[in-house]
*Asks:* 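Submitted below is the structure of interest, expressed as structure tokens.
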Amino acid sequence: MIFYTSSSKDDKESVKKMVLRVIRKNSLIIFLLLSLAGCNFSKTNITLTAIPTIPTKTASTPTEQKSSPTPLTVSEITPNPAYGRIQAENASNLAIGKSFQASEPVRLKWSLDQKSFVLIAYQTFWVYSYPQMQLLYTSDFQPEEMLIDFSPNGEQYAVTFNQSSLLIKNWRENSIHTIQTDFSFMYGEFSPDGSQIILDRQDTRAGEIYDVTSGEKKSSVTGFETAAPVYSVGFGADGKHTIWKARATIQVSEIATNTLGTAIFHEDFLTSYALSPDGKKLATSTSQMEEDTPVPQVFFYQPMTGETLGTFELSIPAYSMDFSPDSSLLSVIDGTDMVILDCGQMIEVARFAQDVDSVNQILFSPDGTLITTIGTDQLVRFWQVIP
């Protein structure tokens, strides 16, 4: 969700610096950057341990037919009894339960019911069942087709060809319907429950929210101000707020009233951020000068007032972070380490080193029983509590 509003040399350098530092936060930015840079990723298969190789051709129909899952909220999901929910008391018992090797950069997104997950690559996506890990569907993107986002319902995804109309596709039902807008957009994002989608306008700083099923415009969020050439707007994890970001500035907005909270300013560009599912904590990461030395940190804020709730020092700024579904923990990438923080006490409760150059993504599963990490080695790791 990025706008380019300036073409000066200084701004271009600022944009380049920002994109490089936040590349792990947003897979769409990764794909756009690769495209602009002229990178050529070969179309290769993703191989899973003891799982059949993914077909190289686009699948036209699902390989498994099941009824559509009912959209769920996090509170309605029962933890997997075989493992148990990850908590501060057992986080030190995490271990890799499953893993598989991808042969190109991918990003993972869970379905809300945790019966499936999608791996999104530059030109392809794959949908797998969980925990069976069986391939359900795969598709290549068409020439000039841009993926906007994949829905948390695990079946729908949004694409565009002209950045003014949106195609909502359902891979299981093999259906398509259109959301037509009266403006140009570059990016968008599904709401946490998958019922709405927000699109960023290119002609003004606004986020337009549409009902996914009817295509009807529901509301707008406006008021964010910045002189930066790049900014973004997207849903918070609670579904009740949007998050605006530009360079070192972040600001939370209440959707129902279109009320902006206090703008929060940092000394350096933000590398990652997350709003807790209960809407009570905003976490950001960047460096702050202390005695003339930049100190990488995680900052915790009250989202609307901007009050600082606490900080946690890192070795480098976090390029990915994610709250647990109950908002009690924050998973953070500290270089090659996976760190689990207790959000109540703002302390580290577990740390795990990974044999990889760096980690691109860290993500809790919807029921809070798993954490997935994806490194530059393109190995997808599923962490779970081992008794």
*Asks:* Quick one: does NZ or CZ of Arg172 land under 6.0 Å from the six-membered ring centre of Tyr137, within 45 degrees of the ring axis?
*Replies:*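 No, Arg172 and Tyr137 do not form such a contact.
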*Asks:* Can you tell me if Asp140 and Gln123 form a side-chain donor-acceptor pair at under 3.5 Å?
*Replies:*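 Distance-only check fails for Asp140 and Gln123.
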*Asks:* Flag the pair Pro325 / Arg85 as yes when at least one side-chain heavy-atom distance between them is below 4.5 Å, and no otherwise.
*Replies:*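 In short, these two side chains touch, coming nearer than 4.5 Å.
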*Asks:* Nearest 0.5 angstrom please: Gln156 CD to Thr213 OG1, how far?
*Replies:*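 Gln156 CD to Thr213 OG1: 6.5 Å, rounded to 0.5 Å.
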*Asks:* If you count every heavy atom of other residues, nucleotides or ligands that lies below 6.0 Å from Lys280 atom NZ, does the total exceed 12?
*Replies:*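 Atom NZ in Lys280 is not packed in, count stays at 12 or less.
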*Asks:* Could you tell me whether the side chain of Ser358 and the main chain of Thr336 form a donor-acceptor pair under 3.5 Å?
*Replies:*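 Between the backbone of Thr336 and the side chain of Ser358 there is no qualifying donor-acceptor contact (under 3.5 Å).
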*Asks:* Within a reach of under 6.0 Å around CD of Glu145, are more than 12 heavy atoms found that belong to other residues, nucleotides or ligands?
*Replies:*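 Yes, the 6.0 Å shell around CD holds more than 12 heavy atoms from other groups.
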*Asks:* Counting only heavy atoms not in Glu144, do more than 12 fall under 6.0 Å of its CD?
*Replies:*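 Count not over threshold, so no.
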*Asks:* Treating Ser220 as the side-chain partner and Glu208 as the backbone partner, does any N or O pair qualify as donor plus acceptor under 3.5 Å?
*Replies:*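 No: the side chain of Ser220 does not pair with the backbone of Glu208.
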*Asks:* Answer yes or no: does atom CG of Asp357 have more than 12 heavy-atom neighbours from other residues, nucleotides or ligands under 6.0 Å?
*Replies:*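 Atom CG in Asp357 is not packed in, count stays at 12 or less.
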*Asks:* Under the side-chain hydrogen bond (donor to acceptor under 3.5 Å, both in side chains) test, which residues partner His266, sequence neighbours left out?
*Replies:*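 In terms of side-chain hydrogen bond (donor to acceptor under 3.5 Å, both in side chains), with neighbours along the sequence ignored, His266 is linked to Thr284, Tyr301.
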*Asks:* Do Trp383 and Thr372 have side chains that approach each other closer than 4.5 Å (heavy atoms only, starting at C-beta)?
*Replies:*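 Trp383 does not reach Thr372 side chain to side chain.
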